[in-house]
Amino acid sequence: MKPVVAHDLPHVAAEVAEVARATLYVVATPIGNLADISLRALGILRAVAVVAAEDTRVTRRLLDHYGITARLIAVHEHNEQRAAGDVLELLAGGAAVALVSDAGTPGISDPGARLVAQVRAAGHAVQPVPGANAAVAAVSASGFLSPHFLFFGFLPARGAARRETLAALAPLPYTLVFYEAPHRVAACVADLQELLGDARRVLLARELTKLFEETHVCTLGEAAAWLAASAHRGKGEFVLVVEGAAAQPPGAADLDNTLTALLAELPLKQAVALAAKITGGNRNDLYARALALKRDG
Ligand code: SAM
């Protein structure tokens with residue numbers, strides 16, 4: 001794929017947005033392909049007084065690509081507290097400031113939340129400028145039907161802690177979304193297989209939007225072999241999207257609780273019909289159980 005570059009889009013490179021006074025704009029930037037930035041984001045980066053960046057060298061490359069000569073200051077994990085003071089001073093003076101991370105959406109497994117919290121606490125406006133995010137991109141390409149997903153981000157790096165976390169996530173009926181470093185992805189997949197079983201499907205999304213992008217769906221039982229099939233799969237950035245636990249059929253205790261609650265409000269026949277609808281249980285079985293509950297209760 002040929003990347004789109006700034007000189008292909010002269011009108012985009014020249015775009016300048018109106019920015020509000022004393023506002024922090026939280027601006028999403030590309031996760032690989034530099035063309036994945038919104039027109040509004042480019043306009044805001046061009047118009048603000050200062051861009052607060054996780055790594056000024058990384059952001060300078062993006063800004064240079066679009067011919068933007070903004071003033072940059074560093075706001076990263078280790079100086080977020082201190083750098084917040086500089087940003088608050090700028091905002092207090094009425095300036096507009098943009099916050100960006102190295103890639104994707106700030107504050108999503110990236111620095112930014114502390115700065116945003118302090119800006120809010122000081123009473124200044126905060127506006128998101130949405131765009132690329134690796135988790136959402138991966139989920140959108142999974143084809144998994146659950147309407148709910150749980151974004152977990154990075155699992156603990158140590159094996160024991162990772163397995164403990166996965167044991168807690170295993171019963172949840174939601175698609176699970178993980179970020180993983182390339183040197184840990186094989187170990188992570190092995191733990192996913194051990195704790196979530198072989199059968200669930202997983203999307204392995206590697207190097208999204210980049211030259212060597214790959215997205216592959218298989219079962220957890222097949223994932224280790226897919227990773228091992230090519231040496232370059234040990235490198236690059238990964239998102240893992242795993243299907244949630246299948247909904248369990250209600251146990252006997254749940255059936256009894258449902259029937260008891262319905263019998264307290266409705267005649268027997270209606271209670272059984274409704275219980276069958278709610279639980280998907282067999283109507284005759286439920287009728288027999290309802291009679292027993294009435295008799296014993
Ligand atoms: N803030 C970013 C976002 O909005 O997605 C995430 C930053 S986090 C520090 C970096 C992790 O995101 C990587 O280790 C990887 O799991 C995931 N990631 C980022 N870019 C990616 C890409 N192009 N392809 C696959 N995963 C990516």
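Both ligands and their constituent atoms are indexed starting at 1 by order of listing.
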**Item:** Matching residue for T175 among S146, S142, P147 - test: side chain to side chain contact (heavy atoms under 4.5 Å, CB included)
**Value:**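 Result: among S146, S142, P147, S146 is the only option passing the side chain to side chain contact (heavy atoms under 4.5 Å, CB included) with T175.
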**Prompt:** When you measure from the side chain of Q270 to the backbone N and O of P267, does any donor-acceptor pair fall under 3.5 Å?
**Reply:**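 No.
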**Item:** All side chain to side chain donor-acceptor pair (under 3.5 Å) counterparts of R57, not counting sequence neighbours
**Value:**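 Residues passing side chain to side chain donor-acceptor pair (under 3.5 Å) with R57: D55.
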Between side-chain atoms of residues 116-126 and protein atoms elsewhere (two or more places apart, or another chain), which donor-acceptor pairs fall under 3.5 Å?
none

**Request:** Flag the pair F238 / F178 as yes when their ring centroid distance falls below 6.0 Å, and as no otherwise.
**Result:**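 No - the distance between ring centres of F238 and F178 does not fall below the 6.0 Å cut-off.
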**Request:** Would you please write out the protein residues whose heavy atoms approach any atom of ligand 1 to under 4.0 angstrom, listed by chain and number?
**Result:**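 Lining ligand 1: I31, A103, G104, T105, I108, S109, D110, N133, A134, F154, Y179, E180, A205, E207, L208, K210, E237, F238, V239.
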**Message:** So, using side chain to side chain contact (heavy atoms under 4.5 Å, CB included) as the criterion, who are the partners of A271 when residues are at least two apart?
**Reply:**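 If we apply the side chain to side chain contact (heavy atoms under 4.5 Å, CB included) test to A271, skipping adjacent residues, the hits are L262, L263, L266.
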